[in-house]
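Reviewing the structure listed below.
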Amino acid sequence: MKDKEIEKLIKEEEKRQKSVINLIASENYVSDDVLKTLGSKLTNKYAEGYPGKRYYGGNKVIDKIENLCIKRALKAFKLSPEAWHVNVQPLSGSPANLAVYLALVPPGGPASAPRLRQGFDGQEGYGGQSKIMGMSLAHGGHLTHGHFVSASGKFWTQVPYGVDKETEVLNYKKIKELAIKEKPAIIVAGFTAYPRIIDFKKFREIADACGAYLMVDMSHFAGLVAGGVYPSPFVYADVVTTTIHKTLRGPRSAMIFSKIDEREIYKKIDKAVFPGLQGGPHMNQIAAVAVALKEAVSPAFKKYAKQVVKNAKVLAEELKKYGWRIISGGTDSHLILVDVWMDGKGITGSEAGDKLEKAGIIVNKNAIPFDTRKPFDPSGIRLGTAGETTRGAKEKDMKKIAGRINKILRT
Ligand code: DSN
């Protein structure tokens, strides 16, 4: 490289990545093919529009790439092109979710009088009149599921649902009652910090009971769905969004799947992505998504997905044995939420994150449901096994990692 300054920093980061144990639940390590595709000359091309309908010339090859990516996306999740449409252009998860809301939930103008809302995290804010029902950020949901600091909570108003205090898992009966009372236009099922399997059938019943669309944001568990170790949301959802770079192990990017039926929501969603929100798609990224999707249907990826969950279960059990409190008592996925504060008997999430990082283990501090501490220094840490499993970690390695974590946190 001619730019020695950036080259040095890339090398520094590569060295850092190699030298740590990475338990960030949303990160992974892509293949050399994905990296090569990201760095290809495809980045030079403008391709506003969709295959066969572009606003620029010279897109014959680009059309083939986008169509191949679409084909592979449907194949990876066992979907027929007659039943499901997929848009592979979203630049990342947040714009993908925003595009769905723009398409399906007319904001209805600003709230007639500023509305004061009391979310699960005790925050206040204002939103438009139409409602998005999503898991509260404080209970494991994502900002883009309606939280007021995100556009999803500024143009719309969130109806937050959460977990039960006792079990720390979703209470579908309560969610249904809330949905019927609040009548949201869309219900979002999905998480960034909820370790359990979501019952998509129950969410379908809830959406039907209040006439809402059901959107599943499977960003965290997409790779587990592709690998057959987490239930597929496609049986019940109207729309499924996902990032590619978490358990699915591809480049930073996103996709939106929409069910094809007489409502023709896919047409509205395509328009919301382009020209509604985005300009030219990042074709190097889309080609890299195609590469990752081909990898995701391989027998090796199935084995990988299985191992990710096995590793997470072992890590959770071992930490439990050492006396740490695991939210909901365990995990069904790649993700574990650990209460390290334990009502003052342990240490704070920030302290835990810092101590672990100093010792070469990377995690993120995270709020736990009904946290008594503030979001910037919460009671928990979030761990995930997708990255270390890519690097070959097995159950025995998880036992060692749990031992190291325990030792570091207790000294
Ligand atoms: N930042 C992602 C995560 O860590 O879960 C979600 O956007």
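Indexing begins at 1, ligand by ligand and atom by atom, following the structure's order.
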Residue from F203, F200, Y161 passing ring pair (Phe, Tyr, Trp, His ring centres under 6.0 Å) with Y172:
F203
Among S26, A25, G384, closest by any non-hydrogen atom to atom 4 (O) of ligand 1:
S26
For T192, counting its heavy atoms only, list the atoms of ligand 1 lying under 4.0 Å from any of them.
5 (O), 6 (C)
Contacting atoms of ligand 1, where contact means under 4.0 angstrom from a heavy atom of H142:
6 (C), 7 (O)
Looking only at N/O atoms, are R382 and ligand 1 under 3.5 Å apart anywhere?
yes
Does Y46 OH have over 12 foreign heavy atoms under 6.0 Å away?
no
Heavy-atom count around R373 CZ within 6.0 Å, excluding the residue itself: above 12?
yes
Step-by-step side chain to side chain donor-acceptor pair (under 3.5 Å) determination, T390 to R249:
CA-CA 9 Å; T390 294; R249 210 166 59 182; 3.2 Å; yes
Other residues, nucleotides, ligands: >12 heavy atoms within 6.0 Å of D3 CG
yes
Is the closest heavy atom of H220 to ligand 1 under 4.0 Å?
yes
Does ligand 1 come near enough to K246 that some N or O of the ligand is less than 3.5 Å from an N or O of the residue?
no
